[in-house]
Amino acid sequence: MNRSDLDFLKKFSMVIAFLLATTIILIFLGSHLAAKYHKYAVTPQAAAQTEARIAPVGAVYAGEEGKIEQAAAEEAAKKRAASQVAYGGTTDGKTIFGNLCTGCHTSGAGGAPTLDASHWTARLAQGKDTLYKHATEGFTGNSGVMPAKGGNPALTEDQVKATVDWMVAQATGK
């Protein structure tokens, strides 16, 4: 071996030793930091939220035990759906009108018919099914706009029909 090869091996060995020392220092530093900040571990609340986020969407029910679990799941789904229905699911047209419809149908805003008979004669001639359809799906006419379900998508069709029936009864006195 000549002198230049020995110089290269000496310098190369020093670089390897430096990299090894740096690696060992970084390992100890990482270990120290992990121990120091371990107190910021995931809280039980955060873990529960994560579990809820990654939970399966559906479930498979089998056998007699599965039938019981399925019935319980369906009941829970019905309760959740009922809690999301507008105005507690009431079909009292007066209540829904007072909470939602009165803004436009009392003042006539946006061309909405008020509760006097003159505004309802032509509409009633089209039939109640048309009134229900326009109230449920929305309608844009020459005189104004009716948003679908009065602008509240949480209303059920039964609630919309009950409100239309109440409004017609108030306007026509029937």
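These numbers were taken from a predicted model, which means no experiment stands behind them. Every heavy atom of this structure was used, including side-chain atoms; hydrogens, water molecules and symmetry mates were not.
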- Item | Phe97/Leu115 under side-chain contact (heavy atoms from CB on, under 4.5 Å): CA gap, chis, key distance, verdict | CA-CA 11 Å; Phe97 179 85; Leu115 296 181; 3.7 Å; yes
- With a 3.5 Å cut-off and no angle check, do the side chains of Asp116 and Thr114 form a donor-acceptor pair? yes
- Item | Polar contact flag, side-chain donor to acceptor under 3.5 angstrom, Asp92-Thr90 | no
- Task: Evaluate whether atom CG of Asn2 has more than 12 neighbouring non-hydrogen atoms of other residues, nucleotides or ligands under 6.0 angstrom away.
- Result: yes
- Query: Shared ILVMFWY cluster between Met14 and Leu6, side chains joined below 4.5 angstrom?
  - Reply: no
- Query: Parallel, tilted or perpendicular for Phe139 and His134, by the 30°/60° rule?
  - Reply: parallel
- Item | Residues in ring pair (Phe, Tyr, Trp, His ring centres under 6.0 Å) contact with Phe28, at least two apart in sequence or another chain | none
- Between Gly103 and Ser107, the two heavy atoms sitting closest are O-OG, 3.0 Å
- Rounded to the nearest 0.5 Å, how far apart are NZ of Lys133 and CD of Gln126? 11.0 Å
- Query: Should Trp120 and Met167 count as side-chain neighbours, where that means a heavy-atom distance under 4.5 Å?
  - Reply: yes
- May I ask you to test the Thr91-Lys161 pair for a side-chain heavy-atom distance under 4.5 Å? no
- Gln70 CD: over 12 foreign heavy atoms closer than 6.0 Å: yes
- Task: Check whether any side-chain heavy atom of Val160 lies under 4.5 Å from a side-chain heavy atom of Tyr132, and answer yes or no.
- Result: no
- Is it possible for you to say whether Met146 and Leu131 belong to one hydrophobic cluster, with membership spreading through side-chain heavy-atom contacts below 4.5 Å? no
- Item | Candidate pair Leu100 and Leu155, rule side-chain contact (heavy atoms from CB on, under 4.5 Å), full reasoning | CA-CA 10 Å; Leu100 179 65; Leu155 285 176; 3.5 Å; yes
- Item | Lys94 NZ: over 12 foreign heavy atoms closer than 6.0 Å | no
